[in-house]
Structure formats: C-alpha cells, structure tokens
Engineer: 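Here you go, one structure.
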Protein chains: 2
Amino acid sequence: MRTLAHPSRDEMRLDTVLAALADPVRRTVACKLNDAFGDHACATFELPVSKSTATYHFRTLREAGVIRQEYEGTKIMNTLRKDDLDARFPGLLDAVFAAQAIERAET
Amino acid sequence: MRTLAHPSRDEMRLDTVLAALADPVRRTVACKLNDAFGDHACATFELPVSKSTATYHFRTLREAGVIRQEYEGTKIMNTLRKDDLDARFPGLLDAVFAAQAIERAET
DNA sequence: TTCGTACTACCAAATATATCGTACAATGGA
DNA sequence: TCCATTGTACGATATATTTGGTAGTACGAA
C-alpha cells in the first residue's frame with residue numbers, strides 16, 4: 001500500500017496555504033471538493049492541464065495541507081482537509097470559497 | 001501632483017489578491033496597516049529587503065487592490081483598502097489577518 | 001537654486017513556478 | 001500472465017517572481 005506524506009495541523013504554513021489557493025487550477029480543485037460529497041479521484045476533475053501538470057497541482061495542495069490524498073487501488077482519493085484547516089486558520093477556507101463564488105457569478 | 005493607478009472594487013481579482021497576500025513581506029505590510037491608525041509612508045516599515053524591492057512589493061499590493069497609495073510631497077502614504085476588500089471579498093482579509101496572528105503567536 | 005528626502009524606473013540576475021512529454025510503477029481484472 | 005487504468009518521476013523548457021544596484025525624478029526646505 002503506497003502512502004503519501006501530509007503535514008500535520010501545526011505544520012501548515014500560511015504562506016504555503018495562500019500560495020496553494022492563489023492558483024486558479026488548484027482553487028478549482030479545492031472548491032469542487034468542498035461542493036461535492038465524499039472523495040474523488042484525480043482523473044474526475046477535468047482540469048485544463050495535462051496529466052503530469054495535474055499531478056503537480058494535487059501534490060502542491062497536499063503538501064500545503066489543503067487536501068488529503070489516499071491510494072485506493074491505482075486511484076488516489078482526494079478529500080478536502082476542511083476540519084484541519086478550520087482548526088488551524090479559522091474562517092480562511094470559507095472566505096476563499098465565498099470569494100471564488102462571487103467572482104464566478106460575475107461572468 | 002503624481003498619482004498612482006488603483007483597481008476599482010470590481011477590477012480586483014481573487015488570484016491577484018491571494019498572490020499578494022501569500023508573500024510574507026507584503027502580508028507584514030498589510031497587517032501593520034491594519035493594526036495601526038491612519039496612513040504610513042513606505043519608509044516607516046523597516047522591511048528586510050532593499051528599497052527597490054520594497055517599492056516592488058508596495059506596487060504589487062497596490063495593483064492587487066490591497067492598499068491605496070497617495071503622494072504627499074515626496075512621500076507616499078499607504079492605507080489598507082479594508083472597506084473595498086470587505087465589500088469585494090467579505091471576510092477574506094480578516095481571516096488572513098487572524099491566521100497571521102495565530103502563526104505569529106507560536107514562535 | 002541647491003540640497004536632502006522619498007521613492008521610482010530600468011536593467012540584470014537568481015530563484016521559483018507552471019507546463020508538458022515520455023517513460024515507468026502499482027494495482028486490479030480478464 | 002497480460003492488459004488497461006491511474007497516477008508518478010524525471011527532464012526540459014517557458015514564464016513569473018523576487019531581488020538588488022544604479023541612475024534619476026519630484027518635492028519641500030534652506
């Protein structure tokens with residue numbers, strides 16, 4: 001069973017979390033995980049980048065502590081680490097998602 | 001009288017605001033402006049970078065819409081655009097400042 | 001008009017980020 | 001065992017960011 005490294009709550013850095021969420025592709029991933037129930041394989045996201053670039057963005061999110069990634073067969077299941085982030089930086093994630101929703105609504 | 005360009009509220013982009021706040025030097029500037037009363041010249045910040053680098057960071061903050069910069073003689077007075085940001089992306093700035101305070105407290 | 005202050009513009013460099021293609025590894029199923 | 005699926009590792013490249021130095025501008029004061 002392959003496992004992937006995740007930062008603990010207190011290892012999460014604001015620099016890294018904000019940088020992770022500053023990228024539109026990564027913010028899209030986080031928002032979709034927030035909207036949806038349960039977890040989702042990387043391949044289900046239909047991102048406007050290549051597979052290897054997608055891997056890079058998922059890894060960036062995981063290493064920042066925004067998502068949790070766990071192997072399930074050959075797939076990786078992704079979940080938003082909402083509880084952890086809310087504990088670490090209260091209100092941050094919700095504010096970002098709200099902001100994203102606002103910006104989206106104005107096309 | 002020299003003037004500097006600022007984005008209007010609806011020209012503010014989440015990408016740009018988050019990227020601006022992801023940098024520790026710039027976040028320091030924003031936090032200090034939030035804590036202090038009134039406005040402050042660039043030179044009063046004692047940043048750990050050269051003068052020209054500081055100029056770059058102030059410009060980045062201004063172009064993102066995070067701060068307002070206005071000439072007053074040869075000085076530039078900086079103010080946080082809190083009202084504008086709160087109107088555009090409610091709760092975002094406060095969440096970032098709260099997160100910064102948390103992270104600071106744990107040295 | 002001369003000087004000092006405060007800041008910018010421009011150039012150059014170092015570093016970081018985002019991107020993709022190709023080759024590969026791990027798993028589950030036929 | 002062989003194959004398809006899912007995602008990674010690595011290398012290359014393009015672009016962006018961060019940085020500082022130098023020269024210069026705008027302003028106020030003497």
Engineer: Does A/Val25 reach a base, just sugar-phosphate, or nothing at all? Heavy atoms under 4.0 Å.
Structural biologist: nothing
Engineer: Do B/Thr16 and B/Glu63 come within less than 4.5 Å of each other through their side chains, counting heavy atoms only?
Structural biologist: no
Engineer: Could you give the CZ-to-C1' distance, from A/Phe58 to D/dT6, as a whole number of Å?
Structural biologist: 12 Å
Engineer: Over how many whole Å does the gap from B/Glu72 atom CD to D/dG28 atom C1' extend?
Structural biologist: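 My rounded result for the distance is 13 Å.
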Engineer: Counting only side-chain N and O atoms of A/Arg2, is one of them less than 4.0 Å from OP1 or OP2 of D/dT6?
Structural biologist: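 A/Arg2 to D/dT6 OP1/OP2: no side-chain N or O under 4.0 Å.
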Engineer: Examine D/dG20: is either OP1 or OP2 under 4.0 Å from a nitrogen or oxygen in the side chain of B/Thr53? Give yes or no.
Structural biologist: yes
Engineer: Could you check whether A/Ala54 gets within reach of a base, just the sugar-phosphate, or nothing at all, counting any heavy atom under 4.0 Å?
Structural biologist: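 Nothing, no nucleic acid heavy atom in range.
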Engineer: Nearest whole Å is fine: how far is C/dC24 P from A/Lys51 NZ?
Structural biologist: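 Spelled out: NZ on A/Lys51 to P on C/dC24 is 14 Å.
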Engineer: Side chain of B/Thr74 only, heavy atoms from C-beta on: which candidate in C/dC7, D/dC27, D/dG7 is closest?
Structural biologist: D/dC27
Engineer: Given atom CD of A/Glu63 and atom P of D/dT8, what is their separation to the nearest angstrom?
Structural biologist: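 Checked: the CD to P distance equals 11 Å.
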Engineer: Is there side-chain contact between B/Leu92 and B/Leu18, with at least one heavy-atom pair below 4.5 Å?
Structural biologist: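 B/Leu92 reaches B/Leu18 side chain to side chain.
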Engineer: Does OP1 or OP2 of D/dG20 have a side-chain N or O of B/Ser50 closer than 4.0 Å?
Structural biologist: yes
Engineer: May I ask you to say what A/Tyr71 touches in the nucleic acid, namely base, sugar-phosphate or nothing, with a heavy-atom cut-off under 4.0 Å?
Structural biologist: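 Touches sugar-phosphate only.
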Engineer: Establish, with yes or no, whether the OP1 or OP2 oxygen of D/dT17 is under 4.0 angstrom from a side-chain nitrogen or oxygen of B/His57.
Structural biologist: no
Engineer: Can you pull the ring-ring contact (aromatic ring centres under 6.0 Å, His included) pairs that have at least one residue in residues 65-107 of chain B, sequence neighbours excluded?
Structural biologist: none
Engineer: Between the side chains of A/Ser52 and A/Thr55, is a donor N or O closer than 3.5 angstrom to an acceptor N or O?
Structural biologist: no
Engineer: Any salt bridge between B/Glu106 and A/Arg13, counting N to O under 4.0 Å?
Structural biologist: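 A salt bridge links B/Glu106 with A/Arg13.
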Engineer: For A/Asp23 and D/dT17, what is the distance between atoms CG and P respectively, to the nearest whole Å?
Structural biologist: 11 Å
Engineer: With a 4.0 Å limit, can you tell me whether B/Ser52 has a side-chain N or O closer than that to the phosphate oxygens OP1/OP2 of D/dG21?
Structural biologist: no
Engineer: NA contact type, B/Tyr56, heavy-atom cut-off 4.0 Å: base, sugar-phosphate, or nothing?
Structural biologist: base
Engineer: Could you check whether A/Ala19 gets within reach of a base, just the sugar-phosphate, or nothing at all, counting any heavy atom under 4.0 Å?
Structural biologist: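 Touches nothing.
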Engineer: For the pair made of CG in B/Asp15 and P in C/dT17, what is the distance, rounded to whole Å?
Structural biologist: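 For the pair B/Asp15 CG and C/dT17 P, the rounded distance is 16 Å.
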Engineer: 5'-most contact on DNA chain C: B/Arg59 or A/Pro48, nearest heavy atom basis?
Structural biologist: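 The answer here is B/Arg59.
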